[in-house]
Amino acid sequence: DVKVTQSSRYLVKRTGEKVFLECVQDMDHENMFWYRQDPGLGLRLIYFSYDVKMKEKGDIPEGYSVSREKKERFSLILESASTNQTSMYLCASRNTGTGNIQYFGAGTRLSVL
Amino acid sequence: GQNIDQPTEMTATEGAIVQINCTYQTSGFNGLFWYQQHAGEAPTFLSYNVLDGLEEKGRFSSFLSRSKGYSYLLLKELQMKDSASYLCAGVYNTDKLIFGTGTRLQVFP
């Protein structure tokens with residue numbers, strides 16, 4: 001089974017803090033994604049990466065950056081957390097040979113106070 | 001944009017059949033996913049339709065009509081464990097996923 005692991009289930013941070021959300025996948029997938037999920041808005045794509053060292057902006061990249069130094073790990077960085085970044089963050093990975101299926105982690109619920 | 005529309009909430013009774021509809025914009029469309037997400041858990045893959053027609057997978061079936069911009073997920077013999085959110089997601093411009101807001105299904109005894 002594909003396993004996508006997000007390092008924290010719950011995080012509480014203060015406004016202005018730098019926040020790192022980590023995601024690791026164990027299936028040697030090339031592509032990785034970060035979404036946020038908010039009530040009434042569904043999942044929205046923040047950033048994605050097609051391969052190591054590569055990154056592409058999604059639909060809502062403002063206030064975020066990412067890092068992909070190793071194939072299995074994709075980090076989402078909030079440079080200076082703000083209250084409007086309180087959300088559920090979901091990581092996903094995909095093998096280009098599996099017909100677009102994205103496999104998701106369980107999510108990190110981030111609260112910014 | 002590529003609006004994906006699905007109902008916000010639905011209720012059904014254990015043992016019944018429920019159909020969750022999803023409409024989408026057809027420009028740039030390549031395929032449609034259904035995911036299931038239990039509260040506090042990861043979305044899990046249910047189905048992926050590229051061609052018109054019905055695909056059956058056990059108690060779950062998914063239908064696609066590309067010309068009408070319409071899909072549905074059919075759940076038969078409902079069980080309490082089917083209470084979850086069901087996410088419709090369209091694939092656009094080769095591989096970009098656009099998600100609907102999800103349909104929260106509650107199954108009652």
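The shown structure was predicted, so the numbers you read here are calculated from the model rather than taken from an experiment. Residue numbers start from 1 in every chain, and the chains themselves are labelled A, B, ... in the order their sequence lines are given, proteins ahead of strands.
With a 4.5 angstrom heavy-atom cutoff, A/Tyr10 does not touch chain B via any of its atoms. Heavy-atom distances place no part of A/Asp38 under 4.5 Å from chain B, backbone and side chain included. With a 4.5 angstrom heavy-atom cutoff, A/Tyr35 touches chain B only via side-chain atoms.
Atom CZ of B/Phe33 is separated from atom CD of A/Gln102 by 7.0 Å, given to the nearest 0.5 angstrom. Atom CG of residue B/Leu46 and atom CD1 of residue A/Ile101 lie 11.0 Å apart, to the nearest 0.5 angstrom. To the nearest 0.5 Å, the span separating CG on B/Leu87 from CZ on A/Phe104 amounts to 8.0 Å. Distance CZ/A/Arg44 to CG/B/Leu97: 16.0 Å, rounded to 0.5 Å.
The main-chain N or O of B/Gly40 is found under 3.5 Å from a side-chain atom of A/Arg9 such that the two form a donor-acceptor pair.
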Got a list of side-chain donor-acceptor pairs under 3.5 Å for residues 102-109 of chain B, not counting sequence neighbours?
{"residue": "B/Thr103", "atom": "OG1", "partner": "B/Gln6", "partner atom": "NE2", "Å": "2.9"}
{"residue": "B/Thr103", "atom": "OG1", "partner": "B/Pro7", "partner atom": "O", "Å": "2.5"}

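Counted within 6.0 Å of CZ on A/Arg14, heavy atoms from surrounding residues, nucleotides or ligands total 12 or fewer; the atom is thus considered open. Open room surrounds NZ on A/Lys55; 12 or fewer heavy atoms of other groups in view lie less than 6.0 Å from it. Around the CD atom of B/Glu77, the shell of radius 6.0 Å holds no more than 12 heavy atoms that belong to other residues, nucleotides or ligands.
A continuous path of Ile, Leu, Val, Met, Phe, Trp and Tyr side chains, each step under 4.5 Å between heavy atoms, connects A/Met88 with B/Tyr35, placing both in one hydrophobic cluster. Under the 4.5 Å side-chain heavy-atom criterion for grouping Ile, Leu, Val, Met, Phe, Trp and Tyr, A/Tyr103 is connected to A/Leu45 within one hydrophobic cluster. Two different hydrophobic clusters hold A/Leu76 and A/Met54 under the rule that ILVMFWY side chains link at heavy-atom gaps under 4.5 Å.
Residue with the most contacts toward chain B among A/Cys91, A/Gly107, A/Gly105, A/Pro39: A/Gly105 (heavy-atom pairs, distance under 4.5 Å).
Considering only heavy atoms from C-beta on, B/Gln37 comes within 4.5 Å of A/Leu90 through its side chain.
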